[in-house]
Amino acid sequence: MEKHSDREVRCSSPAVTYGRVLFDLHISEEAVEKTRGTFALVPQLTSIFMNPTIALKRKMKVIERVFPEEMRNFLKAACKYRRIDLMDEIFAAYDRCRDEQEKLLHAVLSCTTPPSEEQKAGMEAFLRRKYGVDKAQISVRTDESLLGGFILRVGSDEYDWSIKGRLNRLEQTLTWR
């Protein structure tokens with residue numbers, strides 16, 4: 001399961017390092033999610049923490065007042081070393097570490113009609129076997145342009161069983177001869 005998407009490769013090294021550190025600190029998931037939510041609700045916080053004209057002491061006071069106690073030291077270090085602008089990537093790296101620890105795989109199923117519970121369970125079983133994980137989580141998205149069938153995406157892997165995909169492959173076969 002050591003596949004990397006383009007997004008992961010582009011992810012800066014400091015963000016990955018900070019994400020791993022955040023995971024290794026064993027901070028409660030609730031505190032991490034609350035912090036993530038605060039940054040999402042108040043995106044101006046990033047600008048404030050990255051603003052060189054605002055004294056570090058004032059930034060630390062904001063962290064003390066706004067964020068969960070468990071997260072404060074981590075955020076203070078990120079702020080001090082000017083890594084707050086990487087918080088989205090840091091949280092993504094944290095999520096990857098957590099998923100690896102839990103042996104959890106995320107997949108996206110694009111289809112014209114949602115699968116039955118039995119079909120979805122079969123796909124999850126396939127993914128667990130194929131990628132050697134304990135859990136497979138499939139997000140279902142409706143895409144009428146597929147004309148029928150489905151496309152299952154896991155990282156950079158794609159399993160295309162859609163009518164549209166089959167027609168495209170048939171067209172390529174016929175035009176290449």
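- From L152, atom CG reaches atom CG of L109 across 6.0 Å, with rounding to the nearest 0.5 Å.
- When every heavy atom of A93 is checked against every heavy atom of A15, the shortest pair comes out as CB-O, 3.8 Å.
- Between V133 and L104, the closest side-chain pair of non-hydrogen atoms is not below 4.5 Å.
- For the pair E70 (side chain) and S28 (backbone), a donor-acceptor distance under 3.5 Å is present.
- Judged as a side chain to side chain donor-acceptor pair (under 3.5 Å), and not counting sequence neighbours, the contacts of E33 are R36.
- Hydrophobic clustering, with ILVMFWY side chains joined whenever heavy atoms are under 4.5 angstrom apart, groups V42 together with V32.
- Across every non-hydrogen atom of A78 and Y18, the tightest pair is CA-CE2, 3.8 Å.
- Minimum interatomic distance between K80 and M60 (heavy atoms only, all atoms of both residues): N-CE, 4.3 Å.
- The closest side-chain heavy-atom distance from M87 to I84 is below 4.5 Å.
- When all heavy atoms are compared, the tightest approach of D160 to S162 is OD1-OG, 2.6 Å.
- Follow the hydrophobic side-chain contacts under 4.5 Å out from V140 and you reach W161 in the same cluster.
- Cluster annotation: I138 and F150 are assigned to the same hydrophobic cluster (Ile/Leu/Val/Met/Phe/Trp/Tyr, side-chain heavy-atom contacts under 4.5 Å, transitive).
- Between the CD atom of Q119 and the OG1 atom of T113 there is a distance of 7.5 Å, given to the nearest 0.5 Å.
- Here CD1 of I90 is found 9.5 Å from OG1 of T17. Values are rounded to the nearest 0.5 Å.
- Side-chain atoms of F49 and D85, non-hydrogen and from C-beta on, never get closer than 4.5 Å to each other.
- Using cut-offs of 30° and 60° for the angle between ring planes, the Y159 and F126 rings count as perpendicular.
- Considering NZ of K76 and CG of N73, their distance stands at 6.0 Å, rounded to 0.5 Å.
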Exercise for review: Please lay out, stage by stage, how V108 and R141 fare under the test side-chain contact (heavy atoms from CB on, under 4.5 Å).
Suggested key: CA-CA 7 Å; V108 177; R141 297 194 179 132; 3.5 Å; yes

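- Residues D95 and R98 are paired through a salt bridge, judged by an N-O separation under 4.0 Å between the basic side chain and the carboxylate.
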**Study point:** Derivation of the side-chain contact (heavy atoms from CB on, under 4.5 Å) call for V154 and H106
**Key:** CA-CA 7 Å; V154 180; H106 294 276; over 6 Å; no

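- At distances below 3.5 Å, at least one donor-acceptor pair connects side-chain atoms of K59 with backbone N or O atoms of N51.
- In summary, of the residues considered (L25, V66, L22, T38), a side chain to side chain contact (heavy atoms under 4.5 Å, CB included) with M71 occurs for L22 alone.
- Of the inter-residue distances, the one linking F23 atom CZ with E29 atom CD reads 9.0 Å to the nearest 0.5 angstrom.
- Residues T142 and E144 approach most closely at CG2-OE2, 3.5 Å, considering heavy atoms.
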**Study point:** Test log, rule side-chain contact (heavy atoms from CB on, under 4.5 Å), inputs R153 and I151
**Key:** CA-CA 6 Å; R153 288 184 182 90; I151 298 175; 3.7 Å; yes

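- Pairing each heavy atom of L146 with each of T112, the nearest pair is CB-CG2, 4.2 Å.
- Remark: E117 CD to E124 CD distance equals 8.0 Å, nearest 0.5 Å.
- Two residues are said to be in side-chain contact when any heavy atoms from C-beta on lie closer than 4.5 Å; Q137 and L105 fail this criterion.
- By the criterion of side-chain heavy atoms lying less than 4.5 angstrom apart, applied directly or through intervening Ile, Leu, Val, Met, Phe, Trp or Tyr residues, L167 is not grouped with L174; the two fall into different hydrophobic clusters.
- Taking the side chain as every heavy atom from C-beta outward, I63 and C79 approach each other to under 4.5 Å.
- Neither I163 nor L170 shares a network with the other; the hydrophobic side chains, linked directly or stepwise wherever heavy atoms of I, L, V, M, F, W or Y lie under 4.5 Å apart, form separate groups for each.
- Put simply, the side chain of I48 reaches to within 4.5 Å of the side chain of I54, judged on heavy atoms.
- The shortest distance between side-chain heavy atoms of R128 and K135 does not fall below 4.5 Å.
- Two rings, from F74 and Y94, have their centers 6.0 Å or more apart.
- Crowding of R82 atom CZ: a count of heavy atoms from other residues, nucleotides or ligands under 6.0 Å exceeding 12.
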